[in-house]
Structures are given as C-alpha cells and as structure tokens.
There are 2 protein chains.
Amino acid sequence: MDNPRRRRPVPTHEELAAWRVHIETSEIVRARIEARLHEDSGLSGGDYRVLLALSEAEGRAMRSSELAAHIEWERSRLSGHLGRMERRGLVRREPCAEDARGSRVVLTDSGDRAFHASTLPHLRAIKEVFVDALTPEQLDHLRDAAAAVRRHLHLDPLPE
Amino acid sequence: MDNPRRRRPVPTHEELAAWRVHIETSEIVRARIEARLHEDSGLSGGDYRVLLALSEAEGRAMRSSELAAHIEWERSRLSGHLGRMERRGLVRREPCAEDARGSRVVLTDSGDRAFHASTLPHLRAIKEVFVDALTPEQLDHLRDAAAAVRRHLHLDPLPE
DNA sequence: CCTCGGTTGTTGACATGTGAATCATATGCG
DNA sequence: CGCATATGATTCACATGTCAACAACCGAGG
C-alpha cells in the first residue's frame, strides 16, 4: 500500500511504463512522418519548418534572428541549416539594408515550389500515421495532457 | 459540415493543432529530462540506455550485435557510441572467444558506478517533469493512446 | 579443403544538434 | 565624437544519427 503521508520521489512501475511507451511511441511517430516527408518531397522536418515560416512571412523573407526566434531554434543551428538549404537552392541569403550585421533569408521560387508540393502529402501522412490511429476522444486527451505538461513547465500553452 | 461520404485526406485544424502540441511537447519533455540526466550524472540518454542494458546482462557484458538488437539501435550507431563511451572509461571492448569477428562489450566498474549513481536522480526527473504534470487518468489516457498508435503501426505493444 | 553466401563490427560521408568563441557592426552614453 | 557594450550571424569542436561500403570471419555444401 502506498502511504499517503510519504511523498514518493520516484515513479511507480506503472508510471514508468506509461512514460516509456509514451515517449518511445512519440519518437517513432515523428520519425515515420518525417521519413514520409523526405520520401515524398526530399525535405527534412527542419527544411519544412523553415520553409513554412518563410512562406508565411512578408515578402517570403525574414531576418535570420527573427526566423530563429519564430521557430525556436538556436541561431547557430539555423545558420548551419540555412547553409545546407542554400546549397540546395531552397533559400537565398542577402545582406540586410537596415542593419549591415544581419542578413535577410529569402525563399527562392524553387523553395516555394518544393514547400507547396510537400504540404498535402505531409498533412496526409500526419492523418494516416497519427490522427487515424486515435479516436476523437483520445486526440482530445492527448491535447489536454500536452497542455497540462506545458502548464506544469510554465511554457506557452500553444507551440510556437 | 463534414460530409460523411467524402473521405477527408488531411487533418482538420483541430487535429493538426493537437498533433503539433503533442509532438512538440513530447520533444520538450524528453529534452528536459535528458538535460537533467546530463547535469546530474554526465550521462546522455544514449549512455543511460547502453548502461542499463549492460548492467542487467549476464556478467555485465554483451555481444555488440546482441546489445544493438536489445536497445533497437543500428549497429553503426552503437559502434560509434561505444567508441565515445570507451574513451570515457564507461565500457570496454574485448575480443570474443567463440567468434573472432565479434567483440564483447563489458561494463567497467566506473561505468557501473556512474549508472547506479544516475538512476535515482533520473527517475526523480521523470516523476517531476512528466508524471507530476498529469492526473492518473491523464497518464492512463497517454498510455492507451500510445498503445492505439502502436497497434495502428503494427508495432509491438510494449517498447523494447 | 575451398568457395560462397551470410554475419559482425567498423568506417566514411554526410545531416543534424549544442555551446562557446569570434567578428563585424550597432548603439547608448559621457 | 569616442568608447564600452550589446547584438547579428557565423564558425569551431564536438556529440549524435543515417546509410552504404568494407574487411574479416563463420559455416554449409561440394
């Protein structure tokens, strides 16, 4: 019997099992959906996130720091990723008029096409791999549990 | 109104929002718990997983392939990881008597101490960051949703 | 014994991630 | 203006992950 007056510092076996199945399954689902994205469009999850942000931005361009903040990436991570994306012609970096330190990241036509070609298959993959696995109630429960965790960790209620 | 005769190929806004908050929150939680593990013990999540498997193995040692299969890693991934762990003195590789191709991965005393020192803080972190954020019902729901996804993807019901 | 197909583990090339250091520029303040 | 400091972005060193190619070895069959 658990003694209610004694705080339990570690999870029970059941709690630990729930943690493990939850976290490992989430990783598998993410990996499957990203693999589908890559097969369908040649884009990685990181590529998609950058392209999504740029395609919604004014003039299909953003300052590098602004972009990093928007997608919640380290600037060095974004810098490296943009280098690879630039090599593939998805984005272009040009010097910034107002601030000579900075640069503007511009979505190329090729990048825009690649992004738009990828969205529908990507959304389909999310539906087929994740949404279709769950009842509407289970999906609500997942959303609520995520919200509870975010409150617990003092994070913004919504991602981004 | 949704037309029940028309299959919806893509998620609704609500479904997509649930997907995003779920997957991003799961990543944040994993990252936090691994960060705590690293601060507390100097071990990465990968280190922990290898050390856990070895510490439960007969003679605190396993064949490399056997270990890779047990923790579901690519062999090349394990090989690289073991190289780094060996440099830090956590494990040792010795030639295998029965099979000259292979090697035995042995947990060193230092690795065993590091692992045992890490478990309690690690379990505490899982409880504080994840379990304590949720009601018992929410935890059950997460477990059930993960099980539903695993069925949907034809995976083993339990991780490992 | 000897060849051939499968196994074992490593390696190389690359993509991706973090944190610290660096460089150039911008900006506030005396 | 001139300087201390902050900021924008990149770079470095490294850890981590994938996949394909490889070298060495095993074991079955001829």
Side-chain angles (χ1 to χ4, degrees), chain A residues 24 27-28 30-39 41-51 61-106, chain B residues 24 27-28 30-39 41-51 61-106:
Chain A
E24 298 195 7
E27 292 287 325
I28 290 170
R30 189 196 47 69
R32 290 251 183 146
I33 288 175
E34 289 203 2
R36 286 263 304 252
L37 175 63
H38 202 273
E39 289 161 20
S41 324
L43 298 177
S44 70
D47 298 336
Y48 188 86
R49 198 140 165 176
V50 169
L51 294 177
M62 282 176 96
R63 292 290 300 271
S64 187
S65 280
E66 196 190 348
L67 177 53
H70 187 66
I71 63 181
E72 296 181 284
W73 279 14
E74 299 273 338
R75 282 196 325 236
S76 68
R77 174 181 179 184
L78 180 60
S79 182
H81 206 97
L82 288 178
R84 291 188 296 273
M85 292 179 73
E86 198 168 24
R87 278 211 309 268
R88 294 188 287 146
L90 299 171
V91 299
R92 193 166 16 93
R93 276 183 285 199
E94 46 190 42
C96 182
E98 313 91 64
D99 188 335
R101 289 169 302 184
S103 62
R104 283 165 52 80
V105 185
V106 187
Chain B
E24 299 193 7
E27 292 287 325
I28 290 169
R30 190 196 46 69
R32 291 251 183 146
I33 289 176
E34 289 204 2
R36 287 262 304 250
L37 175 63
H38 202 272
E39 287 160 23
S41 324
L43 298 177
S44 70
D47 297 336
Y48 188 87
R49 199 143 164 172
V50 168
L51 295 176
M62 282 175 96
R63 291 290 300 270
S64 188
S65 280
E66 197 190 346
L67 177 52
H70 187 65
I71 62 181
E72 297 180 283
W73 279 14
E74 299 272 339
R75 283 192 329 240
S76 66
R77 174 182 179 183
L78 180 59
S79 181
H81 206 97
L82 288 177
R84 290 187 297 271
M85 291 180 74
E86 196 167 26
R87 280 211 309 266
R88 294 187 288 147
L90 299 171
V91 300
R92 192 166 16 93
R93 278 184 281 201
E94 45 191 42
C96 182
E98 313 93 62
D99 186 336
R101 289 170 302 184
S103 62
R104 281 166 52 80
V105 184
V106 187

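A, B, ... follow the sequence lines: proteins, then strands. Residue 1 opens every chain.
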Rounded distance (Å) that lies between atom [atom2] of [N] and atom [atom1] of [X]:
X      : N       : atom1 : atom2 : result
I28(A) : dT18(D) : CD1   : P     : 12 Å
D47(A) : dG17(C) : CG    : P     : 10 Å
E98(A) : dA24(C) : CD    : C1'   : 17 Å
E66(A) : dT7(D)  : CD    : C1'   : 15 Å
E34(B) : dG17(C) : CD    : P     : 14 Å
R77(A) : dG8(D)  : CZ    : C1'   : 19 Å
M85(A) : dC14(C) : CE    : C1'   : 17 Å
L67(A) : dA9(D)  : CG    : P     : 10 Å

message = Assuming nearest nucleotide by heavy-atom distance, tell me which of A100(A) and R63(B) is located more 5' along DNA chain C.
response =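 Of the two residues, R63(B) wins.
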query = So which one's nearest nucleotide on DNA chain C is more toward 5', R84(A) or L78(B)?
reply =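 Counting from the 5' end, the first nearest nucleotide belongs to L78(B).
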Charged N-O contact under 4.0 Å between R36(A) and E39(A) =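 Result for this pair is no, no salt bridge flagged.
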Students often get this wrong, so: under 4.0 angstrom with heavy atoms, is [X] touching a base, only sugar-phosphate, or nothing?
X       : result
S44(B)  : sugar-phosphate
R88(A)  : nothing
R93(B)  : sugar-phosphate
R104(A) : nothing
S79(A)  : base

query = Which is it for D47(B) and L37(B) under the side chain to side chain contact (heavy atoms under 4.5 Å, CB included) test, yes or no, and what are the steps along the way?
reply = CA-CA 10 Å; D47(B) 297 336; L37(B) 175 63; over 6 Å; no
query = Between the side-chain atoms of R75(A) and the base atoms of dA9(D), is any donor-acceptor pair under 3.5 Å?
reply =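 In this structure, the two groups form a donor-acceptor pair.
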ask   = Which residue lies toward the 5' end of DNA chain D, R101(B) or G46(B), if each is placed at its nearest nucleotide?
value =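 That would be G46(B).
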Candidates dC19(D), dT7(D), dG19(C) - which lies nearest the side chain of S76(B) =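 Ranking dC19(D), dT7(D), dG19(C) by closest atom to the S76(B) side chain puts dC19(D) first.
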inquiry  = Nearest to the H81(B) side chain among dC26(D), dT16(D), dG8(D), which nucleotide is it?
reply    =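 So the side chain of H81(B) is nearest to dT16(D).
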message = I need the minimum non-hydrogen distance between R75(A) and A68(A), along with the two atoms involved.
response =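 Minimum heavy-atom separation between R75(A) and A68(A): CG-CB, 4.0 Å.
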request  = Assess whether side chain to side chain contact (heavy atoms under 4.5 Å, CB included) is satisfied between M85(B) and V105(B), documenting all intermediate values.
outcome  = CA-CA 11 Å; M85(B) 291 180 74; V105(B) 184; over 6 Å; no
Expected output: side-chain R93(B) to main-chain S103(B) donor-acceptor under 3.5 Å =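 Looks like no, no N/O pair under 3.5 Å.
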